[in-house]
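Remember, predicted model here, so these are calculated numbers, not experimental data. Counting starts at 1 for both ligands and their atoms, in listed order. Throughout, residue positions are numbered sequentially from 1 according to the sequence presented.
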Amino acid sequence: MKILILDSGGRGDALGWCFKNDSRVKEVFCLPGNAGMKKNGIIVRPDLRAPEEIARFALSEKIDLAVGGSEGILSAGIADVFEARGIPIVGPKKDATILESSKGYTDLLCREIGVPVPEFEIFENPDDAKAYINSLQYTIVVKCDGLAEGKGAIVCENAKEAREAVDRVFEMQRIGKWGGKSVVIQKRIFGRELSFFCITDGHALIPLPVAQDYKRALDGDEGKNTGGMGSYSPHEWEGEKLTKIVTEKIARPILDGFREKRGIIYQGFIYFGLIFEDGDMNKPILLEINVRLGDPEAEVILPRLKTPLLDICQALLENKLGELKIEFNDEYFCDVVAASGEVKSTGKGKYPGYPGRYKIGFPIRGYFENDFQSLAFSAGITKDAEEKHITSGGRVLHLVGRGKTLEKAREMAYTEMEKISFEGMRFRKDIGKD
Ligand code: GLY
């Protein structure tokens with residue numbers, strides 16, 4: 001079989017790695033992919049990005065199955081284009097991606113159907129948003145009501161920061177870097193966060209392993225929000241009790257509400273970003289929905305699947321998901337992300353590093369030369385004119401340790417990380433330590 005993954009980062013590499021380990025699969029392509037994926041035997045085509053040209057490629061290669069990995073390509077309507085051409089694809093259609101591309105839409109749906117979300121209001125005008133902020137007695141999160149490269153949720157310590165965040169969101173929307181035309185002002189909730197994933201055909205809803213993501217840039221959960229600096233799975237709360245609570249209070253009502261109140265059937269992976277106020281497992285609050293697997297969560301939950309990913313995808317496409325029992329192992333996986341950190345600029349200043357401005361183009365040493373005990377997934381890697389591998393993104397690569405305990409898994413990831421270096425390389429030292 002030939003498989004096509006539509007993604008560019010570590011999640012795409014992890015999806016491709018899963019399929020590569022299946023003896024029924026002959027070739028795995030990843031579009032646009034990145035140059036580091038070759039390490040896992042994945043073929044990339046960085047020049048193909050538009051849905052129509054990707055569909056032509058899939059037809060010419062006789063692709064048997066495609067998986068939409070990133071929100072960008074899914075929101076661009078890849079599933080609609082593929083379905084129209086008869087190419088099997090796992091991933092929601094464009095209308096269903098609104099659950100991620102508009103936080104305001106999802107919050108309003110949740111309010112209507114009684115799914116717990118933090119108190120919120122939506123504004124199309126910065127002055128109204130700031131007046132509302134000034135009237136509040138609690139700290140808040142300012143959210144871009146559109147896709148924002150994973151940087152659209154700004155956690156604010158005080159009203160001044162919140163007003164500045166409002167200006168930033170509207171400015172990024174005005175210059176077209178972030179999507180949407182409005183801002184969501186949401187009460188900041190303090191508690192325990194975790195990422196809960198399911199696969200669904202719009203009716204059957206099958207939970208997947210639970211992962212802990214580390215969103216902040218620096219150790220001790222300091223610094224700015226990133227796409228994720230590391231993760232681990234299984235989470236200590238994983239099990240029947242958590243699954244029942246989240247399914248009944250969040251996942252099932254949203255899926256049914258989306259179908260019955262809005263007429264939209266969701267098909268594919270779905271990600272519920274949750275917070276449990278005061279650490280109480282019985283009270284999940286939905287922070288966000290993403291229309292895909294998480295990154296770096298995919299890197300720690302996919303290796304736990306005992307049921308082949310191919311069987312899961314085929315069951316979904318054949319409307320047999322409800323009959324499938326998905327099994328996963330209880331080995332621990334711990335993902336540490338190596339990112340582009342602080343470096344000097346050519347002038348007097350410096351690049352602060354991801355998620356702020358970072359410099360790319362640094363040679364990567366040790367990634368391709370070594371075999372790792374851990375799993376290795378690439379994210380921001382390209383080749384220069386001399387075919388040398390260099391950095392090309394904020395998050396550069398992931399090493400995923402494995403073991404019978406979380407401690408063993410994290411030890412493996414950190415030990416292997418010592419083999420890799422590039423200028424400005426930075427990684428959190430506390431992934432899996434809590
Ligand atoms: N790790 C967060 C995300 O994938 O959005």
Begin with the C-alpha distance, continue with both residues' side-chain angles, and end with the deciding distance and a verdict on side chain to side chain contact (heavy atoms under 4.5 Å, CB included) for Phe368 and Lys39. CA-CA 7 Å; Phe368 295 92; Lys39 189 170 173 70; 4.2 Å; yes
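Looking at Asp80, its side chain does come within 3.5 Å of a backbone N or O of Lys94 through a donor-acceptor pair. Checked by atom type and distance alone, the side chain of Asn34 pairs as donor or acceptor with a backbone atom of Ser8 at under 3.5 Å.
The only member of Glu299, Glu297, Glu238 that meets salt bridge (charged side-chain N to carboxylate O under 4.0 Å, His left out) when paired with Arg304 is Glu238. Across Arg174, Lys130, Lys160, a single residue satisfies salt bridge (charged side-chain N to carboxylate O under 4.0 Å, His left out) together with Asp167, and that is Lys130.
A side-chain donor from one of Asp13 and Ser378 sits under 3.5 Å from a side-chain acceptor of the other.
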Could you list, one pair per line, each nitrogen or oxygen of ligand 1 together with any protein nitrogen or oxygen closer than 3.5 Å, giving atom names and the distance rounded to 0.1 Å?
{"residue": "ligand 1", "atom": "1 (N)", "partner": "Asp213", "partner atom": "OD2", "Å": "2.8"}
{"residue": "ligand 1", "atom": "1 (N)", "partner": "Gly227", "partner atom": "O", "Å": "2.9"}
{"residue": "ligand 1", "atom": "1 (N)", "partner": "Asp295", "partner atom": "O", "Å": "3.1"}
{"residue": "ligand 1", "atom": "1 (N)", "partner": "Glu297", "partner atom": "OE1", "Å": "2.9"}
{"residue": "ligand 1", "atom": "1 (N)", "partner": "Glu297", "partner atom": "OE2", "Å": "3.4"}
{"residue": "ligand 1", "atom": "4 (O)", "partner": "Arg292", "partner atom": "NH1", "Å": "2.9"}
{"residue": "ligand 1", "atom": "4 (O)", "partner": "Asp295", "partner atom": "N", "Å": "2.9"}
{"residue": "ligand 1", "atom": "5 (O)", "partner": "Arg292", "partner atom": "NH1", "Å": "3.4"}
{"residue": "ligand 1", "atom": "5 (O)", "partner": "Arg292", "partner atom": "NH2", "Å": "2.9"}

